[in-house]
Amino acid sequence: MNELKLSQNLMALRQAKGVTQEALADHIGVTKGAVSKWENAQSTPDITTLPLLASYFDVSVDALLGYEPQLDEAQIKAKYEAFAQAFASEPFEEVMAQVEKAVKEYYACYPFLFQMALLLLNHFMLAKDQARQQQVIAQMDGWLARVLANSKDDALKSDARILQTLTWMQLGRVEDAIDVLEKVGDPYRLSHNCGSLLVTAYRMHGDADKATRFAQLQMFDGLMRLLQMSMMVVSLHATDPEVLAQTEARMNPVIAAFDLEQLNGNATAQYYFQMAVAALAQGDSTGAIARLEGFVRAIGALFAKKDFRMTGDDYFTSLADWQDELPGATPRSRETIRQDTLAQVTQIFGTLSGNPDYERIITKLKAVMA
């Protein structure tokens, strides 16, 4: 939190307004000597005098004091990544205490509150038991509620509302989440057309670079949504071999055509993982292992990148610059992801233990994440 600068601010505001210490003193109802002491940091105004001074100079009390309870994007990103690294190597409760302290210190910095809620969403499962996990999720929900109630940033509030529905689902408030998501996710809302409209507006304005950049990002986002929805369709029909086959017949060529394993190894790994889970549910252990080959390939591509950053390619040339603008672009540390990935695979596919092909997959997975 920035150091208060009342004395400097008071002098600067008075001089900018072109009034003397005596004139200010007369307006406030104090002596000229009192104003002089304030400006020389020899004393401070009474708390009841601060609103009078702020009103006289047409500023907020916070601005008068020089109180800026905010962090910039770089500072938020640094704190997020430091906490994410700490969660990977230190006891959960110790790091949680540090997070709570930081939130109290920057309680009026709503982008920071949002990022800390996102941080906990990625790490709450490290808490000792389900009861504690629910407490952490409830805390996240409270932070997001504060963002929604107080932030003036509509984009931030929109993101906070979506993130809050995730906390609600974890807390069993599924109907509340549906009520919000049905409105937000309605494909017929005009807001769903704003991407193409913005590209057109940039083009009409003569800013071809911005139009191209935003079109790329919208296209990439569309691919990620397509990948996500294909996983949802398969999970809804996990025991139906025809749905699995039809989905892969359509999606696998898309993944290859856009080289999605290299562009976003994380999302592509999740896709292969879900396909393998479906194959296992259908009793096809050979098919599950074959799909885990793709999973390991995508995980290898992910771990080959520094900080898991998307670097783009000759077609998607704006991904790296776009990711630079995202606070907390790396949601969890490498070690946390390594541990969770291996644990998830061995837990879900544990029935294949002893199968030579499966054991080879596990060995290869450990190697690409080393």
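Computed from a prediction, not measured in an experiment: that's the story for all the values here. The first residue in the sequence is number 1, and the count goes up from there.
Other residues, nucleotides and ligands contribute only 12 or fewer heavy atoms inside 6.0 Å of the CD1 atom of Ile47. Shown here is Lys364, whose NZ atom has no more than 12 heavy atoms of other residues, nucleotides or ligands within 6.0 Å. Asp46 CG: more than 12 foreign heavy atoms inside a 6.0 Å radius. When the shell of 6.0 Å around CZ of Arg250 is examined, it contains 12 or fewer heavy atoms from other residues, nucleotides or ligands. Heavy-atom contacts from other residues, nucleotides or ligands closer than 6.0 Å to NZ of Lys366 number 12 or fewer. Summarising the local packing, CD of Glu22 is surrounded by 12 or fewer heavy atoms from other residues, nucleotides or ligands at distances under 6.0 Å.
Put simply, the side chain of Leu118 does not reach to within 4.5 Å of the side chain of Trp143, judged on heavy atoms. A 4.5 Å side-chain heavy-atom check between Glu100 and Val103 finds every atom pair outside the cut-off. The closest side-chain heavy-atom distance from Leu365 to Leu342 is below 4.5 Å. Residues Thr247 and Val243 are in side-chain contact: their nearest non-hydrogen atoms beyond the backbone lie under 4.5 Å apart. Side-chain contact between Phe273 and Val345 is present, with at least one heavy-atom pair separated by less than 4.5 Å. Counting heavy atoms from C-beta on, the side chains of Tyr110 and Leu156 come closer than 4.5 Å. A heavy-atom distance below 4.5 Å is not found between the side chains of Ser7 and Trp38. Inter-residue side-chain proximity for Leu50 and Leu65 is flagged as met; some heavy-atom pair is nearer than 4.5 Å.
Defined by atom type and a distance below 3.5 Å, a donor-acceptor pair is present between the side-chain atoms of Gln339 and Glu335. For the 3.5 Å distance criterion, the side chains of Tyr271 and Asn264 fail to qualify, holding no donor opposite an acceptor. A donor-acceptor pair shorter than 3.5 Å cannot be found between the side chains of Gln228 and Arg225. For the residue pair Ser196/Gln218, the side-chain donor-acceptor check at 3.5 Å is not satisfied. No hydrogens or angles considered: nothing links the side chains of Asp62 and Ser60 as a donor-acceptor pair under 3.5 Å.
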| request: For the pair Arg213 and Asp209, evaluate salt bridge (Lys or Arg N to Asp or Glu O under 4.0 Å) and give the outcome as yes or no after the intermediate values. | output: CA-CA 6 Å; Arg213 179 178 184 274; Asp209 288 341; over 6 Å; no
Checking Asn150 against Tyr107 for the side chain to side chain donor-acceptor pair (under 3.5 Å) test, could you report, in this order, the C-alpha distance in whole Å, the side-chain angles of both residues, the deciding distance, and whether it holds?
CA-CA 11 Å; Asn150 296 283; Tyr107 204 46; over 6 Å; no
request  = Might you work through the salt bridge (Lys or Arg N to Asp or Glu O under 4.0 Å) test for Asp179 and Lys183, ending with a clear yes or no?
outcome  = CA-CA 7 Å; Asp179 185 56; Lys183 296 181 179 68; 2.9 Å; yes
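Under the 4.5 Å side-chain heavy-atom criterion for grouping Ile, Leu, Val, Met, Phe, Trp and Tyr, Val254 is connected to Val234 within one hydrophobic cluster. Residues Met229 and Met219 fall into different hydrophobic clusters, defined by Ile, Leu, Val, Met, Phe, Trp and Tyr side chains chained together at heavy-atom separations under 4.5 Å.
Taking the ring axis of Tyr56 as reference, the NZ or CZ atom of Lys17 stays within 45° of it and closer than 6.0 Å to the ring centre.
With hydrogens and angles ignored, the 3.5 Å screen pairs no side-chain donor or acceptor of Arg338 with any backbone N or O of Phe303. No donor-acceptor pair under 3.5 Å is formed between the side chain of Ser55 and the backbone N or O of Leu52. Checking side-chain atoms of Thr167 against main-chain N and O of Gln164 turns up a donor-acceptor pair under 3.5 Å.
Rounding to the nearest 0.5 Å places CD of Glu94 at 11.0 Å from CZ of Phe87.
The aromatic rings of Tyr106 and Phe112 stand perpendicular to each other, their planes meeting at an angle above 60°, with 30° marking the opposite boundary.
Considering Val277, Thr286, Leu244, Leu280 in turn, Leu244 is the only one that fulfils the side-chain contact (heavy atoms from CB on, under 4.5 Å) rule with Arg291.
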